[in-house]
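Computed from a predicted structure; not experimentally measured. Residue numbers begin at 1 in each chain, while the letters A, B, ... track the order of the sequences.
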2 protein chains.
Amino acid sequence: MPIEIPDVVIDRLPIYARALNLLQRSGREVVSSQELGAQLGVTPAQIRKDLSYFGRFGKQGRGYSVPRLLEELRQILGLDRDWLMVLIGVGQLGRAILAYGGFAPQGFRIVGAFDADPGLVGQEINDLVIKPASELKLSLTQRPADIGIVATPAAHAQAVIDDLVGCGVKAILNYAPIAAHVPPDVHIKDIDPVLSLQSMTFYLKGQLAVAGVK
Amino acid sequence: MPIEIPDVVIDRLPIYARALNLLQRSGREVVSSQELGAQLGVTPAQIRKDLSYFGRFGKQGRGYSVPRLLEELRQILGLDRDWLMVLIGVGQLGRAILAYGGFAPQGFRIVGAFDADPGLVGQEINDLVIKPASELKLSLTQRPADIGIVATPAAHAQAVIDDLVGCGVKAILNYAPIAAHVPPDVHIKDIDPVLSLQSMTFYLKGQLAVAGVK
DNA sequence: GTATGTGAACCACTTCACAGCA
DNA sequence: TGCTGTGAAGTGGTTCACATAC
């Protein structure tokens, strides 16, 4: 009886895991949903309900064991192994992604980099030789990857995503500013700081009006 | 009678605007909620309801005028003006943000860059001289900014955010991997690709299990 | 006494479905 | 006839509140 777990719940688990990591490093042994919630800006009930989808990890009257709960979450999310990623698009943005030091310590390894620009192909960055985008599909069949990172210009992004999907890649991190189409069994997350800014300006505009600054 | 507009609605408006931009560039004059929805993976009713919070922009039997609706959205979101931003943290990530070409064309201008590392202070990047982080507050009082971009290490991020809030900054784009605390009138959006990856692996793990690969 | 786990109540957003207008 | 705008119905996620366990 696998009850359907809401996507929003899954999106929160990594946030819990991150906080527990911090707590663990600071030597905390136990934490209550109350305290964790206060730290994260989430209600305690939210946390308890979220966790209850997966099991009963707490002890009444005490709270949750920090190392125990962290380990459970890591297992639930699949963070107890490495994941292989390929990057497509090695322009300014792509190079920043390659250089980004935040992936590897979390078990996310970029094992291939592709670009359509012949001027970039052959260059070596971080021990990775950039391959031609035309070889993406062949390369993926020989050496599969779990996740694709798309950092191409918007105009090429959908085609690249289609290629990834065609090769059986089921998770895509998309930095291109497009609303991509993928089949229902493929997961895609968009990273677009411009969209974030453009929604915040709505509220800024409102506050100016209230302040009478117009 | 200012009916409360859900945040999720505001988050979708920039996506609509982006699609309309594309349509306009391709010369389209009119678009229906049906077609726009198909392009964005959203139901037509969703789009119509979202827009209805702000007015009646369509024509029955025809659809929406692309230039007209785009202009309305730009006004609603406050995209019809420039917004000034300051960047705090000019490490690898911060430099990538400075170099990123996607902000300026959308009216988002970085007008100040700060870092705590004396080795970086004084360096010039993209016509911006990096200033010491200790001068952030003073600098903001002399030359206010609308938005703060935080790209410091996690350990310093909350303090920087407190400084920004203290200077009256009401919108923050946070690249640091922390759950920051801000007062209710301050808007914050987090950009953390690792969190996105860590939630996708949950589904990847599930698919492996189903496929029997373990 | 204290904090979890959870059905039930609540709330918010989404979708429906149709009246109304071009 | 075609598509918008929108109350009403539906759905899904959040919060409540309390029985339960330490």
Ignoring backbone atoms, establish whether [X] has a side-chain N or O less than 4.0 Å from OP1 or OP2 of [N].
X	N	result
A:Y64	C:dG5	yes
B:R12	C:dT14	yes
A:S33	C:dT4	yes

**Study point:** Electrostatic pair B:R95:B:D115 at N-O distance under 4.0 angstrom
**Key:**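 Result for this pair is no, no salt bridge flagged.
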
Practice item. Would you mind telling me which of C:dC21, C:dG5, C:dG7 lies closest to the side-chain atoms of A:K49? Key: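 When the side chain of A:K49 is considered, C:dG7 is the closest of C:dC21, C:dG5, C:dG7.
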
Check your understanding: Out of C:dT14, C:dC16, C:dT4, which nucleotide sits closest to the side chain of A:Q60?
Key ->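 For A:Q60, the side-chain atoms sit closest to C:dT4.
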
Practice item. On DNA chain C, check which nucleotide each of A:G55 and B:R56 is closest to and give me the residue with the more 5' one. Key: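 Mapping each residue to its closest nucleotide by heavy atoms, the 5'-most match is A:G55.
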
Review point. Judged by atom type as modelled, is there a donor-acceptor pair below 3.5 Å linking the side chain of A:K205 to the main-chain atoms of B:I76?
Key: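 Yes, the answer is positive, given that a donor and an acceptor are paired below the 3.5 Å cut-off.
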
**Study point:** Any donor-acceptor pair under 3.5 Å from B:D146 side chain to B:L84 backbone
**Key:**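 Answer holds: yes.
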
Point to revise | 5′-ward residue of the pair A:T43/A:K59 relative to DNA chain D | key: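 That would be A:T43.
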
Review point. Taking for each residue the nucleotide of DNA chain D bearing the nearest heavy atom, is the 5' side occupied by A:A45 or by B:G61?
Key: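 Between the two, 5'-proximity favours B:G61.
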
**Study point:** Verdict with supporting geometry, A:V31 and A:Q39, side-chain contact (heavy atoms from CB on, under 4.5 Å)
**Key:** CA-CA 11 Å; A:V31 70; A:Q39 248 170 67; 5.6 Å; no

Expressed in angstrom and rounded to an integer, what is the separation of [X] atom [atom1] from [N] atom [atom2]?
X	N	atom1	atom2	value
A:Y53	C:dG7	OH	C1'	12 Å
B:D50	C:dC13	CG	C1'	10 Å
A:L51	C:dT6	CG	C1'	13 Å
B:F57	C:dA22	CZ	C1'	18 Å
A:R48	C:dT6	CZ	P	11 Å
A:E35	C:dT2	CD	P	15 Å
A:Q46	C:dT6	CD	P	16 Å
A:L36	C:dT4	CG	C1'	14 Å

Exercise for review: Hey, can you tell me if A:Y203 and B:H187 have their rings parallel, tilted or perpendicular (30° and 60° cut-offs)?
Suggested key: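 Plane angle under 30°, so parallel.
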
Exercise for review: First locate atom CD of B:Q60, then atom CZ of B:R62, and finally report the distance between them rounded to the nearest 0.5 Å.
Suggested key: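 Output value for this atom pair is 12.5 Å.
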
Exercise for review: Under 4.0 Å from any heavy atom of chain A: name the first and the last nucleotide of DNA chain D that qualifies, 5' to 3'.
Suggested key: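 The footprint of chain A covers D:dG13 to D:dC22.
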
Exercise for review: Could you pull out all residues at least two apart from A:D117 that satisfy side-chain hydrogen bond (donor to acceptor under 3.5 Å, both in side chains)?
Suggested key: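 side-chain hydrogen bond (donor to acceptor under 3.5 Å, both in side chains) list for A:D117, sorted by chain: empty.
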
